[in-house]
2 protein chains.
Amino acid sequence: MTQTTSHRTRLSPEQRREQLLDLGVRLLATRSLDELSIDLLAEEAGISRGLLYHYFGNKHDFHEAVVRRAADDLIEKTAPPVDGEPMARLLTSLAAYLDYVVDNHEGYLSLVKAAAGGNETLREIYEEARSSLNGRIFREDAQGTIIPETPATRLVVRGWSAMVEELVLSWVADPGPVTREELLEVMAASLPALVEVVPGQRPA
Amino acid sequence: MTQTTSHRTRLSPEQRREQLLDLGVRLLATRSLDELSIDLLAEEAGISRGLLYHYFGNKHDFHEAVVRRAADDLIEKTAPPVDGEPMARLLTSLAAYLDYVVDNHEGYLSLVKAAAGGNETLREIYEEARSSLNGRIFREDAQGTIIPETPATRLVVRGWSAMVEELVLSWVADPGPVTREELLEVMAASLPALVEVVPGQRPA
DNA sequence: CACTCTATTGACACTTTTTCAATAACGCCA
DNA sequence: TGGCGTTATTGAAAAAGTGTCAATAGAGTG
């Protein structure tokens, strides 16, 4: 299916890098990191193993590049924050995030899986992406108006975003009778609800 | 250190299996799954590589068995539910879970990481353990009294337990000024607070 | 239409996983 | 107590995967 043409196909380094990274992200969605062997990827791409080493030094570096690409893609494609009142902005951010996961299920899955099971470097890449999202949602979208920043609330927001991730992934896998709007509303409303539960945080 | 005795030590299949699984779990606490090579394990156990294959077919199956054992250990050591009124029982369960993670930090982290980053089977094992924990917390400790079971609440409870896991892991890594009791209270109080946020779920 | 530049290959070295016929520990029975 | 059979265990060798590098051949250029 790949490589119907004669013997070699010579691409520009940029094109080839793109191709290999994209393929990597796609393949990673349906298998774990260590099942993503150089052999498999080379075969799927229709190239020799040697070429992969030419572009990415070794397996680890390749994995890192794949994960980084998934993360960059997430950050880039997720809509930047808009203005408006805090809760509305929070909803908008969440919607952008949800839509991204729906549209790029594979890439997102790759990112999450690799990050959770991977080494320090991989987790950092993931954390970076998450911070970037949380940064938008927490610090820009909602803070100052909804949430005071204390160690306890920071912890809770961290927990909240883990919850959001789980909810989105679960919902995408099986929405059941829950609509997109209901999901968004639950996620958005959860944040203030959780903050209220923090001791010494209840306003009014 | 191992194997001071003569050449071979012949154990009963059960004993050997136990030994290898226990050792596997112990080693997994300080390294990732794919750093847990057959070579390493065989050496640490003082046996030949061949014997591992005799007991566990291949590396994957061995990993699976190790993760399953770690999961079983978690479930077993976590205190079974006590009786009392629902919120008190929820608190007790959460405390047992938290204490387990504190006492077995490395092992627990390994379990989570291995499961999250692994293949379908590994993730299923982890899901099973999680369901079992949720089962206690949700169905036995709190249900019928606090939470009606609908698709939406099921989703929310799932999200809540992801949050609890994240909170516990974050807190164990760096408690900051948050006390154990505050953490427990926040986690326990979160559950009803979240359920209230589900549309058509607000009781009174 | 050569010619050059460099993307790409393939064969080889090395590490780790997997196989399996041969070996020897342990319990049993005389 | 000592031979004997069962089977847990080994070790060597095949297979699979990772990494290296000099040789090869596309594709644009003058």
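Predicted model only: the values in this text are computed from it and were never measured. A, B, ... follow the sequence lines: proteins, then strands. Residue 1 opens every chain.
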Visitor: Atom CD1 of A/I38 to atom P of D/dG19: distance rounded to whole Å?
Guide: 7 Å
Visitor: Starting at CG of B/L41 and ending at C1' of C/dT18, how long is that distance when rounded to a whole Å?
Guide: 16 Å
Visitor: Could you state the NE2-P distance from A/H54 to C/dA11, rounded to the nearest angstrom?
Guide: 20 Å
Visitor: Can you tell me if the side-chain N/O atoms of A/Y53 get under 4.0 Å from OP1 or OP2 in D/dT20?
Guide: no
Visitor: Between B/E165 and B/Y108, does any side-chain donor sit less than 3.5 Å from a side-chain acceptor?
Guide: yes
Visitor: How would you label the contact of A/L51 with the nucleic acid (heavy atoms, under 4.0 Å): base, sugar-phosphate, or nothing?
Guide: base
Visitor: Please confirm whether the shortest side-chain N or O distance from B/Y55 to OP1 or OP2 of D/dT9 is below 4.0 Å.
Guide: yes
Visitor: Between D/dA27, D/dT6, C/dT17, which one does the side chain of B/R10 approach most closely?
Guide: D/dT6
Visitor: Spell out yes or no: do the side chain of B/R8 and the base of C/dT23 have one donor N/O and one acceptor N/O closer than 3.5 Å?
Guide: yes
Visitor: Do B/R180 and B/L98 come close enough that some side-chain heavy atom pair is under 4.5 Å?
Guide: yes
Visitor: More than 12 non-hydrogen atoms from neighbouring residues, nucleotides or ligands closer than 6.0 Å to NE2 on B/H105, yes or no?
Guide: yes
Visitor: Any side-chain N or O of A/R16 under 4.0 Å from OP1/OP2 of C/dT8?
Guide: yes
Visitor: Can you tell me the distance, in whole Å, between the CZ atom of B/R49 and the P atom of C/dT16?
Guide: 10 Å
Visitor: Inspect the contact between B/E127 and B/R130 and indicate whether a charged nitrogen and a carboxylate oxygen are less than 4.0 angstrom apart.
Guide: no
Visitor: Between D/dT18 atom C1' and A/L36 atom CG, what is the distance in whole Å?
Guide: 14 Å
Visitor: Are the side chains of A/E14 and A/Q19 in touch, meaning some heavy atoms are under 4.5 Å apart?
Guide: no
Visitor: Taking atom P of C/dA7 as reference, at what distance in whole Å does atom CG of A/L11 sit?
Guide: 11 Å
Visitor: CD of B/E14 versus P of D/dA8: gap in Å, rounded?
Guide: 9 Å
Visitor: Heavy atoms only, 4.0 Å cut-off, all strands: where does A/S48 land among base, sugar-phosphate and nothing?
Guide: base
Visitor: Can you measure B/E35 atom CD to C/dT17 atom P for me and round it to whole angstrom units?
Guide: 12 Å
